[in-house]
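In what follows, a structure is listed as structure tokens, so that the remarks can point back to it.
These figures come from a predicted structure and were not determined experimentally. In what follows, chains are A, B, ... by sequence order, proteins preceding strands, each numbered from 1.
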2 protein chains.
Amino acid sequence: MRADYATRPRGAIERLLESDRRYLSATQIHTRLDVEQARVSLATVYRTLERLHTKGTVSARVDERGETTYMLCEPEHHHHHAICRICGRVEDVPCRALDEFASALQQRYGFELDGHAMEFSGVCNTCR
Amino acid sequence: MRADYATRPRGAIERLLESDRRYLSATQIHTRLDVEQARVSLATVYRTLERLHTKGTVSARVDERGETTYMLCEPEHHHHHAICRICGRVEDVPCRALDEFASALQQRYGFELDGHAMEFSGVCNTCR
DNA sequence: TGGGGTTTTGCGAATGTTTCGCAAATCCTG
DNA sequence: CAGGATTTGCGAAACATTCGCAAAACCCCA
């Protein structure tokens with residue numbers, strides 16, 4: 001039960017994600033596949049992305065316009081993303097600093113931290 | 001020009017926001033107003049929220065399901081939100097700690113930080 | 001206090017994203 | 001290569017959000 005067939009559409013989507021380390025929307029992915037003649041239906045794009053997200057190999061985030069975007073992302077160790085406002089490329093950022101912050105939060109507000117998300121916007125090395 | 005009429009719908013929406021310090025979606029607000037007999041069209045709810053957001057008195061965030069939610073929020077000084085996973089109530093968190101983090105980010109990755117958003121999820125004092 | 005010009009509202013229709021049902025196509029295994 | 005399980009593609013929903021426009025509400029000032 002619950003096999004995992006290696007199909008052409010899935011291959012195309014995964015290859016595209018591997019080639020571009022930034023958050024892309026389902027529509028963007030769909031359009032780009034179209035351009036490179038690897039036509040995949042939009043519904044399949046959504047389904048594949050959701051599958052990869054559940055599997056944990058893509059990170060999803062909704063952008064300021066409310067559109068969900070996806071990026072390949074190894075979850076091996078917890079980290080955060082610094083997203084370049086200009087080119088959209090993403091830098092991984094480890095998060096040791098947060099530990100002490102968590103304990104301060106606990107002491108000061110009695111808030112038991114069990115999850116967090118951070119996002120940084122700015123300009124990356126190459127764009128500057 | 002560009003006056004700012006104090007209308008019944010706006011009053012109702014603002015009063016509701018004042019009474020509940022957690023992020024609410026337009027639909028939730030619309031429904032709750034309905035319940036308390038202060039019927040306001042959904043379009044107006046959206047327009048009012050957008051107006052308040054532009055004015056800077058409400059903070060907007062899109063939740064994990066992609067829906068935009070709003071909460072009254074004085075922007076006087078930059079701070080972050082700790083959202084209780086259970087009751088949804090929001091705690092303000094100042095952010096001095098971030099300064100040193102920003103400079104580490106700059107030195108290590110050449111990433112010029114000019115904006116950031118943090119969100120913490122956990123369980124608040126009263127829920128525990 | 002009431003008229004008039006401006007701003008808002010409400011409605012339904014339009015838009016855009018995401019999901020769903022289902023038959024046809026694809027894929028793996030033996 | 002056949003058979004059964006999984007995926008795909010399509011168009012049709014299901015949502016959230018925005019828009020246009022006529023009617024209603026609001027404020028100002030005579």
- Message: Need one value for B:Arg47: base, sugar-phosphate or nothing, where a base atom within 4.0 Å counts as base even if backbone is also close, heavy atoms only.
- Response: base
Would you say the side-chain atoms of B:Glu14 pair up with the backbone N or O of B:Gly11, donor to acceptor, closer than 3.5 Å? no
Residue pair B:Leu49 / B:Ile29, side-chain heavy-atom distance below 4.5 Å: yes
Assign each of A:Thr48 and B:Pro9 the nucleotide of DNA chain D bearing its closest heavy atom; nearer the 5' end lies the nucleotide of A:Thr48
Here the distance between atom C1' of D:dC15 and atom CG of B:Leu42, to the nearest Å, is 11 Å
Short side-chain to backbone donor-acceptor contact, B:Arg39 and B:Leu33, under 3.5 Å: no
Side-chain atoms of B:Val40 come closest, of C:dG10, D:dT7, D:dC27, to C:dG10
Separation of D:dT7 atom P from A:Ile13 atom CD1, nearest Å, is 13 Å
From CZ of A:Arg65 across to P of C:dT17 the rounded distance in Å is 7 Å
Taken to the nearest whole Å, CG/A:Asp63 to C1'/C:dT17 is 11 Å
Here the distance between atom C1' of D:dA14 and atom CD of B:Glu67, to the nearest Å, is 13 Å
Query raised in the report: Any donor-acceptor pair under 3.5 Å between the side chain of A:Tyr46 and the base of C:dT17?
Result: no
Quiz item: Does B:Arg8 have a side-chain nitrogen or oxygen under 4.0 Å from the phosphate oxygens OP1 or OP2 of C:dT7?
Solution: no
**Message:** Can a donor-acceptor pair be found, under 3.5 Å and without considering hydrogens, that links the side chain of B:His30 to the backbone of B:Ser41?
**Reply:** no
note: A:Asp4, atom CG; D:dT7, atom P; distance rounded to Å ~ 6 Å
Tell me whether the OP1 or OP2 atom of D:dT7 has a side-chain N or O from A:Arg10 closer than 4.0 Å.
yes
The correct set of residues in residues 17-39 of chain A placing a heavy atom under 4.0 Å from DNA chain C is none
Is the shortest side-chain N/O distance from B:Thr7 to OP1 or OP2 of D:dC26 below 4.0 Å?
no
**Prompt:** Hey, is the side chain of B:Thr44 poking within less than 4.0 Å of OP1 or OP2 on C:dT8, counting only N and O atoms?
**Reply:** no
Here the gap from B:Tyr46 atom OH to B:Thr27 atom OG1, rounded to the nearest 0.5 Å, amounts to 4.5 Å
Note to self: Would A:Tyr23 and A:Ser59 count as a side chain to side chain donor-acceptor pair (under 3.5 Å) here? Give the steps.
What the structure shows: CA-CA 9 Å; A:Tyr23 282 95; A:Ser59 146; 2.6 Å; yes
With side chains defined as the heavy atoms from C-beta onward, is the minimum distance between B:Leu52 and B:Leu17 less than 4.5 Å? yes
Here the distance between atom C1' of C:dT7 and atom OH of B:Tyr5, to the nearest Å, is 5 Å
